[in-house]
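So that the names make sense, note that chain A is the first sequence line, chain B the second, and so on, each numbered from 1.
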Amino acid sequence: MPKPVRVRFAPSPTGDPHVGNIRTAIFNWLMVQHERQQGNEASFIVRIEDTDQGRKTEGALEAILESLRWLGLSWDEGPGVEGPYSPYFQSERLPTYNEAADALVASGWAYPCYCSSERLETMRRGQMDRKESLGYAGHCRELDSASLATWREEQEQEIPVVRFKVPRDGTTTCVDVIRGEVTFENRLLDDFVLLKSDGFPTYHLANVVDDHAMEISHVLRAEEWLSSLPRHKLLYEALGYAPPLFAHLPMILGPDRAKLSKRHGATSVLEYKQRGYLPEAVFNFLTLLGWSLDDHTEIMNREELVTHFGLDRVAKPAAIFNQEKLDWLNGVYIRDLSVDELTNRIMPFLEEGLPADITRPIDREYVRQIAPLVQERLKTLADAPDMVAFFLQESLSYDPALLVDKQLTPEPVLQALKAATARLQSLDVWQAEDLETLLRPMAEELNLKTRQFFGAIRSAVTGRTATPPLFETMEVLGRERCLLRLEESQRLLGAVSSL
RNA sequence: GCCCCCAUCGUCUAGCCGGCCCAGGACACCACCCUUUCAAGGUGAAGAUCGCGGGUUCGAAUCCCGCUGGGGGCACCA
């Protein structure tokens, strides 16, 4: 019986989670789902690492959870889902860390340090000037209790921090599932802080203690953590814990190859939601950043991803976030939606983005008729309001020049519009097919190219030059509105040509 | 500065326990087709001396070493 797979996503509530964080969450989640599909026991845990009171951000927790929910990354244990290892907020687990720190001090693996932050800062600057490697030099490490007390007075520190006593020599070899063995020299690791003077643990301590307490089997996290691995390994050993397996995931970089940040445009997952990206597209796209199935499969739904995902096909190099490819993928997913589904997804964007003069609520049934016409033209759901507005607007406002093809003068266009209107008035079945049967032959009669003739009608009826197919558009627009707009266009054009 | 990781088309990547690769797919770009506009779709083109230099080998993108480049880390942040 293999030990159950237990992985965790451990964000810190310091802002909107960006796509890199979420990609990590996706890989964790995927691994769990895959294991389950294989018939193995597996759990996805969300643990909130809120041990830095100073950086806590209002609303960040909700943003994290919303991001996860939006992408369908449900968790088995975590906020709102109590489990056998509750609580899942580190700020509520302080006693556990204290115990661990005490045990470490008792066993000689850690010691209190009274050095003031000013002293540390000065030390760091000195190291920088002398171009030495940075890190705590170890002043309090060897002090006996008497000299420690004196030092405490001198530094005016009430409460000490607790530091880990890193071996002065030797090496620490760690294993990363994706990269293999990585060896570090212990003398280059400084005595890092375990417990801060405010009583909160640092990431290193909290992380190790919790991963052990929650019986985490695999730690999948971003590559930026790789250099902390030896510290963690040492900590596991000092604490007498069996370490989990570690896999450091490739980073996601901006187009300038730097760590993704606000400068690169949208980085928050919620921003993508807002910009009209489909969660299934974002999910699929993020999965492809650092993982691949083979040399040709790219579009995979959740289920396919679950069956194929594995750590063995995670890539090593960092990936650059390619916005254009996401746009394409989003279009693919939009085109794949059923009309009903597309209508549902578009509605909120229309309510939100359509001009204020269009009366609300927007008629869903009508939108449902429009939806198929714009489906293959939408790059994002947020494109919908602009693309659809003319269907719902009471009156159009556009430059009458749009009615006239560049190679034409207003006069023949005006005549054509007049003729078309007259014929259309006597058409009793207002359907695309009939509209086409009626109008297409007219182009030749009027001695106009179809693009010139249809273009004029298109502009008259929509106020635009780029629209869905004309006849279907007219059908959805309806007889009355089309005729009205056709007449209006003649008025506009007449005014222009008489100038 | 020191430590660690990484290195195939502009980008995401396949290939990397050596020959099937003078390197495959996708996005973007270009051309053509379809066409009432815009899309979508179809076809095709262009695009990587596999970062560079040494080895090993009959043979290297694939193994080894060095260099260079990029990234990450070096907090009482995570």
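Base pairing annotation: G18(B) forms no Watson-Crick or G-U wobble pair, as no partner gives both donor-acceptor distances under 3.5 Å.
For the P atom pair drawn from C4(B) and C65(B), the interatomic distance equals 14 Å after rounding to whole Å. Across C6(B) and G51(B), the matching C1' atoms stand 12 Å from one another, rounded to whole Å. Look at the C1' atom in both A7(B) and C67(B): the space between them is 13 Å, to the nearest Å. Rounded to the nearest Å, the gap between the C1' atom of C29(B) and that of U68(B) is 30 Å.
Legend: residues meeting salt bridge (Lys or Arg N to Asp or Glu O under 4.0 Å) with Glu158(A), ordered by chain and number and at least two apart, are Arg152(A).
Annotation: proximity of residues 455-466 of chain A to RNA chain B (heavy atom, distance under 4.0 Å) is found for Arg458(A), Thr465(A), Ala466(A), numbered in ascending order.
Taking only side-chain nitrogens and oxygens, Lys196(A) comes nearer than 4.0 Å to OP1 or OP2 of C77(B).
When only modelled atom types and interatomic distance are considered, Asp210(A) and Gln90(A) share a side-chain donor-acceptor pair under 3.5 Å.
Each of Ser227(A) and Phe184(A) has a nearest nucleotide on RNA chain B; the 5'-most of these lies closest to Phe184(A). Toward the 5′ end of RNA chain B lies the nearest nucleotide of Arg257(A), the other residue of the pair Arg257(A) and Arg124(A) mapping further downstream.
Each of Phe184(A), Tyr203(A), Phe246(A) was compared with His232(A) under the ring-ring contact (aromatic ring centres under 6.0 Å, His included) criterion, and only Tyr203(A) meets it.
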